[in-house]
Amino acid sequence: MEPEVLKKKSLIRSLLKKDPDKSVVEELGKLLVGYPDLKVPLKDLASATARLKVELRKNFGKELTKFYRKFLEKCLEDQVLSPADWKALHQLKTLFGFTNAQVERIHNQMVMRHYSKTVDQAIADKKLNPRERTFLKTMQQNLKLHPQVAEKIYRDKASEMVQRTFITALSDERLSPKEEEELESLAHHLGVRIDYDQKTKNILDRYRLFWLIENGDIPTIEPALKLGRNEKCYFTADANWCELHSITKSARYGSTAQASEEGDQVQRQIFQELNVKDSGRIYLTNKRILFSGEKRQRSIPHFRIKDFVPMENGVQIHRKSGVNPFLQFELGVDVFSLILARHLRDLH
């Protein structure tokens, strides 16, 4: 390869590594037009230009694309593609031999990314005022971004913000009226709609109840039995009244199979076994835990409860004196435990 050609290739590559601006583009254009040094008659100029562009892409393909992207990014810094910018971009497209499809792909990727970043900045304060909305509209037009594409970018970004806020609000498995109001207000200000599927609605109902149990007026229910004066029922479920019983098991160990019973050693172990004493229904009121069983009725006033331990299939009650029952039931252990904790807390 001739020294002159090598020198031009080196100069082109060094220019393509520079931070692109108008002067670099002009300097690059002068080099590219004369590379390689093709001496052809005027009638062969068109075919020579085509060969020139093939040669350029062969030698500088990645560098040309990267340079074009960097130049476009620089043009987007002021969030407007001016006529001068479009002219310079068209000049690069022609010099580099890019097709319309290549340029469109690069523009779509970079303009969408730039617009997306601007939307993030606009809604960072969790609202979009008329001035910001007008700004985004003007920017979409200046960047020649399709309105439907711009709208989708905005909707996706706004929905992401609502989703993040939603997840944060539910991180403690509680949903207060204030948090719910803030979510609705956020969706309104951003112009997006919140749609919940049935599963999510059920979770929200549960978290609202959890918050209410701990902070508000606990919803009451009408029990199937008569309660005392000023007594309110908050929870009921089918349940078993269980109690722990100690049992002793013995095992005899000998040194050999022929060893006599007198020579054997007896080891005794004590086990705790949970026995169902009665089946029926439990009621949790503002004054006590009431168990209405098939055999008898039992009651544990709140002030006689020292502690309790929620488990997967029920609650172990620790009384200040007497037997500590295990109330065995499947559904609503979390609700029962929160209500009981609230009343024990209020007692102290």
Side-chain angles (χ1 to χ4, degrees), residues 169-181 199-247 271-348:
L170 301 185
S171 60
D172 59 352
E173 298 186 349
R174 305 293 185 270
L175 183 61
S176 69
K178 183 179 179 181
E179 287 173 327
E180 196 160 10
E181 183 181 340
K199 182 179 179 182
T200 303
K201 288 178 181 177
N202 293 339
I203 293 173
L204 293 180
D205 287 342
R206 198 160 192 79
Y207 289 173
R208 288 188 192 100
L209 177 60
F210 288 173
W211 185 90
L212 200 59
I213 289 171
E214 292 180 339
N215 303 278
D217 295 327
I218 305 173
T220 60
I221 58 176
E222 196 64 36
L225 46 70
K226 188 175 181 180
L227 299 177
R229 186 179 180 184
N230 296 326
E231 190 171 13
K232 301 175 183 178
C233 184
Y234 301 119
F235 180 91
T236 184
D238 291 329
N240 293 324
W241 180 285
C242 306
E243 295 178 4
L244 286 172
H245 288 274
S246 299
I247 59 171
F271 296 89
Q272 296 288 330
E273 187 174 72
L274 191 66
N275 289 336
V276 177
K277 304 297 288 184
D278 201 356
S279 296
R281 197 162 182 84
I282 55 169
Y283 300 88
L284 179 57
T285 77
N286 58 327
K287 296 184 177 182
R288 57 181 170 161
I289 297 172
L290 179 61
F291 180 83
S292 180
E294 297 172 355
K295 299 177 181 178
R296 55 175 288 198
Q297 193 174 90
R298 296 174 170 87
S299 178
I300 308 176
H302 291 330
F303 67 85
R304 293 196 179 278
I305 298 174
K306 182 171 63 175
D307 199 3
F308 70 96
V309 181
M311 300 182 188
E312 187 176 345
N313 62 334
V315 179
Q316 178 76 50
I317 305 296
H318 293 277
R319 298 200 285 196
K320 292 179 180 178
S321 62
V323 176
N324 297 323
F326 178 74
L327 303 176
Q328 186 182 58
F329 57 102
E330 298 294 333
L331 299 176
V333 172
D334 49 0
V335 174
F336 178 96
S337 301
L338 285 173
I339 296 173
L340 182 56
R342 165 79 181 271
H343 282 291
L344 294 182
R345 182 190 71 193
D346 291 347
L347 276 178
H348 302 289

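Quick note: numbers below take in every heavy atom, side chains included, and nothing from hydrogens, waters or symmetry partners.
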Next on the checklist: If I compare all heavy atoms of Ile317 with all of Ile300, which pair ends up nearest, and what's the gap?
Outcome noted: CG2-CD1, 4.2 Å
Item to check | Verdict with reasoning, Ile289 to Val315, per side-chain contact (heavy atoms from CB on, under 4.5 Å) | outcome: CA-CA 12 Å; Ile289 297 172; Val315 179; over 6 Å; no
Checklist entry - What residues, two or more places apart in sequence or in another chain, satisfy side-chain hydrogen bond (donor to acceptor under 3.5 Å, both in side chains) together with Asn286? => result none
Checklist entry - Is there side-chain contact between Leu344 and Asp307, with heavy atoms separated by less than 4.5 Å? => result no
Checklist entry - Mind checking what makes salt bridge (charged side-chain N to carboxylate O under 4.0 Å, His left out) contact with Glu214, not counting sequence neighbours? => result Arg174
Checklist entry - How would you list, by chain and number, every residue that makes a side-chain hydrogen bond (donor to acceptor under 3.5 Å, both in side chains) with Trp211, sequence neighbours excluded? => result none
Checklist entry - Side-chain contact, heavy-atom cut-off 4.5 Å: Leu347 with Ile305? => result no
Item to check | Residues forming a ring-ring contact (aromatic ring centres under 6.0 Å, His included) with His302, sequence neighbours excluded | outcome: His343
Item to check | Spacing of CG belonging to Leu327 relative to CG belonging to Asn313, to within rounding of 0.5 Å | outcome: 11.0 Å
Item to check | Derivation and outcome, side-chain contact (heavy atoms from CB on, under 4.5 Å), residues Leu227 and Cys233 | outcome: CA-CA 8 Å; Leu227 299 177; Cys233 184; 3.8 Å; yes
Checklist entry - Restricting to pairs with a member in residues 220-234, which pass side chain to side chain donor-acceptor pair (under 3.5 Å), not counting sequence neighbours? => result Glu231-Thr285, Glu231-Arg288
Checklist entry - Could you go step by step and tell me if Leu225 and Leu290 meet the side-chain contact (heavy atoms from CB on, under 4.5 Å) rule? => result CA-CA 10 Å; Leu225 46 70; Leu290 179 61; 3.7 Å; yes
Next on the checklist: According to side-chain hydrogen bond (donor to acceptor under 3.5 Å, both in side chains), who are the partners of Asn202, at least two apart in sequence or on a separate chain?
Outcome noted: Gln198
Checklist entry - Which pairs pass salt bridge (charged side-chain N to carboxylate O under 4.0 Å, His left out) with one or both residues in residues 320-343, sequence neighbours excluded? => result Arg206-Asp334, Arg342-Asp346
Item to check | Set of residues satisfying salt bridge (charged side-chain N to carboxylate O under 4.0 Å, His left out) with respect to Arg208, sequence neighbours excluded | outcome: Glu180, Asp205
Item to check | Non-neighbouring partners of Lys295 that pass side chain to side chain contact (heavy atoms under 4.5 Å, CB included), sequence neighbours left out | outcome: Asp278
Next on the checklist: Between Phe235 and Leu338, does the side-chain contact (heavy atoms from CB on, under 4.5 Å) criterion hold? Intermediate values first, please.
Outcome noted: CA-CA 11 Å; Phe235 180 91; Leu338 285 173; over 6 Å; no
Checklist entry - Rounded to the nearest 0.5 Å, how far apart are CG of Leu175 and CG of Leu212? => result 11.0 Å
Checklist outcome for this item: Taken in chain and number order and not counting sequence neighbours, the residues that satisfy side chain to side chain contact (heavy atoms under 4.5 Å, CB included) with Gln316 are Val309, Met311, His318, Asn324, Phe326
Item to check | Summary of ring pair (Phe, Tyr, Trp, His ring centres under 6.0 Å) pairs that have at least one residue in residues 282-301, sequence neighbours excluded | outcome: Trp241-Phe291
Item to check | Contacts of type side-chain hydrogen bond (donor to acceptor under 3.5 Å, both in side chains), residue Thr236, not counting sequence neighbours | outcome: Arg281
Next on the checklist: Testing the basics here: between Ser337 and Phe308, what is the closest heavy-atom pair and its distance to 0.1 Å?
Outcome noted: O-CZ, 3.5 Å
Checklist outcome for this item: On a heavy-atom basis, the closest approach of Arg319 and Pro325 is NE-CD, 4.3 Å
Next on the checklist: Are there over 12 heavy-atom neighbours, none belonging to Leu331, within less than 6.0 Å of that residue's CG?
Outcome noted: no
